[in-house]
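I have placed the structure first, in the form of structure tokens, so that the comments after it can refer back to it.
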Amino acid sequence: MPYTQETITPYHPGEKAEQVEQMFNNIAPTYDTLNHRLSWNIDRGWRRKAIRQLAPYKPQAILDIATGTGDFAIMAAEMLKPHTLVGIDISEGMMDVGRKKVEQQGLQHIISFAKEDCLALSYPDASFDAVIAAFGIRNFASLDRGLSEMCRVLKPGGHLSVVELTTPVSFPMKQLFHIYSHTVLPVYGRLISKDTNAYSYLTQTIEAFPQGERMMEILKKAGFREATFQRFTFGICTLYTATK
């Protein structure tokens, strides 16, 4: 049975991956500004918590899925000090922004970027000690395939850390978030990014994405074990961790 978020597209009926690539290329120049403003910079704290979960394991080879403009990759490199960290994405526009930031931080000897199809990764089995992702997997055209690939490239005993936007489940934050995500987020996003569809699409994917216990079942189906989740900021964001 397909997951609802897999059928949502930014622009029109057709291939989802191509539309997502086009959308992120369109909004790449303003993505960082909008992301931090629309979350009141709380997103940085969510990322830090996700990375701290990996610190005890000292991963030396890390894969950042749907790396976007590289914020999560840069933070992971600074906090975890791995030997190598590869950020992958389907949007060259987003990664071009990330490459500039990595050069500015002097981290190009650790962080590299590559255009990859997250549903069919080019890396061999058991290539990475850790796989991370921030606010990207809800754009997968097939969640099952994407998570299975993430599990495949992890070494046995390797760790997954995924932070994703979710919908609050309790009153009154559930109602307040609904109002914010359906009014402020798409209107402000449209004004700054000049893309009339992008931030409405992102709101739809947040609402449709499987959450909590349901996501735990999906992770285990993909081959992970010891899957857990932790909600942040009244449930606006959720951290998912698992082991191969």
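- The side chain to side chain donor-acceptor pair (under 3.5 Å) check on T228 picks up T241, with sequence neighbours excluded.
- D96 and K100 are not joined by a salt bridge, as no carboxylate oxygen comes within less than 4.0 angstrom of a charged side-chain nitrogen.
- Within the structure, every pair that satisfies the ring-ring contact (aromatic ring centres under 6.0 Å, His included) test and touches residues 101-123, not counting sequence neighbours, is listed here: Y123-F128.
- Screening residues 163-178 for salt bridge (Lys or Arg N to Asp or Glu O under 4.0 Å), with sequence neighbours left out, gives R138-E164.
- Looking at every heavy atom in both residues, F177 comes nearest to T167 through CE2-CG2, 4.0 Å.
- E92 meets the salt bridge (charged side-chain N to carboxylate O under 4.0 Å, His left out) test with R99; sequence neighbours excluded.
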Throw together a table of side-chain donor-acceptor distances under 3.5 angstrom for residues 65-90, partners on residues two or more places apart or in other chains.
| from | atom 1 | to | atom 2 | distance (Å) |
| --- | --- | --- | --- | --- |
| T67 | OG1 | D64 | OD2 | 2.7 |
| T69 | OG1 | D32 | OD1 | 2.6 |
| T69 | OG1 | D32 | OD2 | 3.4 |
| T69 | OG1 | K101 | NZ | 3.2 |
| D71 | OD1 | K101 | NZ | 2.4 |
| D71 | OD2 | H36 | NE2 | 3.3 |
| K81 | NZ | E78 | O | 3.0 |
| H83 | NE2 | Q60 | OE1 | 3.2 |
| D89 | OD1 | S91 | N | 2.9 |
| D89 | OD2 | T67 | N | 3.3 |
| D89 | OD2 | G68 | N | 2.8 |

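- For K155, the salt bridge (charged side-chain N to carboxylate O under 4.0 Å, His left out) test picks out D129, with sequence neighbours left out.
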Donor-acceptor pairs are to be reported for all side-chain atoms of residues 231-240 against protein atoms at under 3.5 Å, with residues two or more places apart or in another chain.
| from | atom 1 | to | atom 2 | distance (Å) |
| --- | --- | --- | --- | --- |
| T233 | OG1 | W46 | NE1 | 2.9 |
| T238 | OG1 | T166 | OG1 | 2.9 |
| Y240 | OH | G212 | N | 3.1 |

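- Evaluation of the ring-ring contact (aromatic ring centres under 6.0 Å, His included) test over residues 150-175, restricted to residues two or more places apart or in two chains, returns Y57-H159.
- For the salt bridge (Lys or Arg N to Asp or Glu O under 4.0 Å) condition, the pairs that include at least one residue of residues 106-115, sequence neighbours left out, are E21-K115.
- Legend: residues meeting side chain to side chain donor-acceptor pair (under 3.5 Å) with T30, ordered by chain and number and at least two apart, are absent.
- Annotation: salt bridge (charged side-chain N to carboxylate O under 4.0 Å, His left out) contacts of D117 (sequence neighbours excluded): none.
- Partners of Y11 under the ring pair (Phe, Tyr, Trp, His ring centres under 6.0 Å) rule, at least two apart in sequence or in another chain, do not exist in this structure.
- Under a 3.5 Å cut-off, the side chain of S161 and the backbone N or O of A50 do form a donor-acceptor pair.
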